[in-house]
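Chain letters run A, B, ... following the sequence lines, proteins first, then strands; residues in each count from 1. Bear in mind that the values here come from a model prediction, so they are computed numbers and not experimental data.
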Number of protein chains: 2
Amino acid sequence: MSDDEQYVDGDADLVAGDPMPSARVPLSRDRIVATALAFIDEQGLPGLTMRRLGERLGVEAMSLYRYVPGREDLLDAVVEATVAEMQADDEVVNTPADGWQDYVIRLAHGVRRVALRHPKAFPLVASRPAEAPWLRPPLRSLDWVESFLDALVGEGFDDEAAVGAYRAFTSFLLGHLLLEVATRGADVGPLDVLEPEQEPGADALAEYPTVRRLAGDLSQDHSATEFEEALEDLVNRLALIFNEHQRGHH
Amino acid sequence: MSDDEQYVDGDADLVAGDPMPSARVPLSRDRIVATALAFIDEQGLPGLTMRRLGERLGVEAMSLYRYVPGREDLLDAVVEATVAEMQADDEVVNTPADGWQDYVIRLAHGVRRVALRHPKAFPLVASRPAEAPWLRPPLRSLDWVESFLDALVGEGFDDEAAVGAYRAFTSFLLGHLLLEVATRGADVGPLDVLEPEQEPGADALAEYPTVRRLAGDLSQDHSATEFEEALEDLVNRLALIFNEHQRGHH
DNA sequence: ACCTGAACACCGTTCAAGT
DNA sequence: ACCTGAACACCGTTCAAGT
């Protein structure tokens, strides 16, 4: 181990090959969390170790415990940061200006953009146990739920309809984004370079004629347009929920 | 079935009072995988350790390496076993007898049943990297994909339509089941008993009036009927895909 | 043929001690 | 006030040695 491992990134990204020994920026919880997220994005979750994270921050692992109670809590904080990033997305608004359909669609796109920005970290958002069973990933913060429900109710949704919409929306996002991110996130785990992508060879497909015949279609990527179509469909479904409950009230 | 667990008695710390002096059942890969799955169901993934698994099998951890290359491969095998269990479900058929809608619906129910049987293991099925990007969880085996595509094509689906249906179906299942399983799987992690379910108290909700007002609706569980409705909706969507492509051919 | 003991490298975490 | 060295318990994994 070389001694002076002080990587301190003044601004955001230090990419590869940038060993800048620098003026002692003090540790902070935010810096630790941000670095952890960047680390996961680059190396994948299994690569993130308290000791390696410390190294990256120019510090021994033990120092981290001044700012973070432990590794598990650190991961929770990373999730929180990612979720917050979604809320900060440009396209996302918290008050519908152009109808609830527009609101829902912007939200979906904003969440998707962040998910694709962090393909390796997004599964964490999906699978970390939430604080309450009704905080559903990926919209798993009180802020999110409040603003979502508030928006729909403000647009005329019944209470139950708003809750149903929240459930349908989160299911939709989770399924689509997790799968989309999986195809992207798998590529450059720093170990995968060595293992030549163990994709089932043409020989292994001998017993699977249909798969072999459709191999071309199967490996094409239409995730963007599929997301769009499924989203459109979801909006229609929400409209049904909306109307059903409206009718019930008159 | 794993009722044939063998506990080596002696002063190894056993939790349950079940000191059955064993009739030395030899180790085997299948037994190891089945025990690992049972272990995860009970203790959760983080609790599964090569050493503890060995203990449960009445054997030192090192013995496992005769049958399994390592922990990661063991987890892959657990996923494989779970996916196979879905295929073995009674309600699931591999050749449609009553139209593709019936086929798809049976499939969905079968997968859901297995997911709910293994709430702690299902996230593994969802998030473990697949062998190829087009093997989408939870239908992530060549067998699955082959029989699914085959069935739909046999029912008149266009090649592209069948692939589109596979994508839509997997997204649907993943989103819904992962969220449903999360609400169920969270409860009895053997540690959660001590931590009193850190649910946001009424005080923490002070700044979230809408959430507070809808707390009742939010914590109600309608997952079964929601699954049903969303599934019906998905089938309608697949019918659209079906028809679009049909039309394109004439 | 199947399992174990001992060992290694690495991990999360604690705490008294350094600056 | 902030960081480190040393230590502990536990982990995955290897391998020569036991039966």
Asker: Closer than 4.0 Å, any side-chain N/O of Thr49(B) to the OP1 or OP2 of dG12(D)?
Answerer: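 Checking Thr49(B) against dG12(D): at least one side-chain N or O falls below 4.0 Å of OP1 or OP2.
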
Asker: Tell me whether the OP1 or OP2 atom of dC11(D) has a side-chain N or O from Arg52(B) closer than 4.0 Å.
Answerer: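 Result: yes.
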
Asker: If you check the Leu27(B) side chain, which of dT13(C), dC3(C), dT4(D) turns out closest?
Answerer: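 The nucleotide sitting nearest to the side chain is dC3(C).
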
Asker: Say you draw a straight line from CD of Gln87(A) to OG of Ser147(A); how long is it, rounded to the nearest 0.5 Å?
Answerer: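 Here the rounded value is 5.5 Å.
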
Asker: Using atom CD of Glu55(A) as one end and atom P of dC11(C) as the other, report the distance to the nearest whole Å.
Answerer: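 Taking atom P of dC11(C) as the reference, CD of Glu55(A) is at 9 Å.
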
Asker: Does Tyr65(B) make a side-chain N or O approach to OP1 or OP2 of dT4(C) shorter than 4.0 Å?
Answerer: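 For dT4(C), OP1/OP2 do not have a side-chain N/O of Tyr65(B) under 4.0 Å.
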
Asker: Base, sugar-phosphate, or nothing: which does Met62(A) touch, judged by heavy atoms less than 4.0 Å apart?
Answerer: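 Met62(A): base contact, heavy atoms under 4.0 Å.
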
Asker: For Asp73(B), look at atom CG and say whether over 12 heavy atoms of other residues, nucleotides or ligands are found less than 6.0 Å away.
Answerer: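 Result for CG/Asp73(B): enclosed.
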
Asker: Just the rounded figure in Å: distance from P of dT4(D) to CG of Leu57(A).
Answerer: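 Spelled out: CG on Leu57(A) to P on dT4(D) is 11 Å.
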
Asker: Can you check the Leu45(B) CG to dC11(D) P distance for me, whole Å?
Answerer: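 The distance from CG of Leu45(B) to P of dC11(D) comes to 14 Å, rounded to the nearest Å.
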
Asker: Within the distance-only criterion (no hydrogens, no angle test), does the side chain of Glu91(A) pair as donor or acceptor with the backbone N or O of Gly110(A) below 3.5 angstrom?
Answerer: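 Side chain of Glu91(A) to backbone of Gly110(A): no pair is present.
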
Asker: Any strand counts, and the cut-off is 3.5 Å on both contacts for Watson-Crick or G-U wobble. Which nucleotide pairs with dT13(D)?
Answerer: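 dA7(C) is the nucleotide pairing with dT13(D).
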
Asker: Examine Arg112(B) relative to Phe227(B) and say whether NZ or CZ is less than 6.0 Å from the centre of the six-membered ring and inside a 45° cone about the ring axis.
Answerer: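 Yes, a cation-pi geometry holds between Arg112(B) and Phe227(B).
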
Asker: To the nearest angstrom, how far is Arg29(A) atom CZ from dC3(D) atom P?
Answerer: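 Taking atom P of dC3(D) as the reference, CZ of Arg29(A) is at 16 Å.
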
Asker: Rounded to the nearest Å, what distance is computed from the CG atom of residue Leu48(B) to the C1' atom of nucleotide dC10(D)?
Answerer: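 After rounding, the reported distance stands at 15 Å.
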
Asker: Between atom CZ in Arg51(A) and atom C1' in dC8(D), what is the gap in whole Å?
Answerer: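 Atom CZ in Arg51(A) sits about 11 Å away from atom C1' in dC8(D).
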
Asker: Looking at every strand, decide which applies to Arg71(A) at a 4.0 Å heavy-atom threshold: base, sugar-phosphate, or nothing.
Answerer: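 Sugar-phosphate contact only - Arg71(A) comes under 4.0 Å of backbone atoms but never of a base.
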
Asker: At under 4.0 Å between heavy atoms, what does Ser63(B) touch on the DNA or RNA strands: base, sugar-phosphate, or nothing?
Answerer: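 Here Ser63(B) touches the bases of the nucleic acid.
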
Asker: Just how far, in rounded Å, is C1' of dC2(C) from CG of Leu64(B)?
Answerer: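 About 13 Å, once rounded to whole Å.
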
Asker: Over how many whole Å does the gap from Leu53(A) atom CG to dT13(C) atom P extend?
Answerer: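 The answer, rounded to whole Å, is 12 Å.
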
Asker: When the ring planes of His176(B) and Phe172(B) are compared, do they come out parallel, tilted or perpendicular, using 30° and 60° as the limits?
Answerer: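 Judged by the thresholds at 30° and 60°, the geometry between His176(B) and Phe172(B) is tilted.
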
Asker: Watson-Crick or G-U wobble partner for dA1(C), using a 3.5 Å limit on both distances?
Answerer: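 For dA1(C), the partner nucleotide comes out as dT19(D), under the 3.5 Å rule.
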
Asker: Could you check Gly47(A) against Arg66(A) and say which one's nearest nucleotide on DNA chain C is further toward the 5' end?
Answerer: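 Nearest-nucleotide comparison on DNA chain C picks Gly47(A).
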
Asker: Side chain of Tyr67(A), heavy atoms from C-beta onward: which of dT4(C), dC2(D), dT13(C) has the nearest atom to it?
Answerer: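 Among the listed nucleotides, the one closest to the side chain of Tyr67(A) is dC2(D).
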
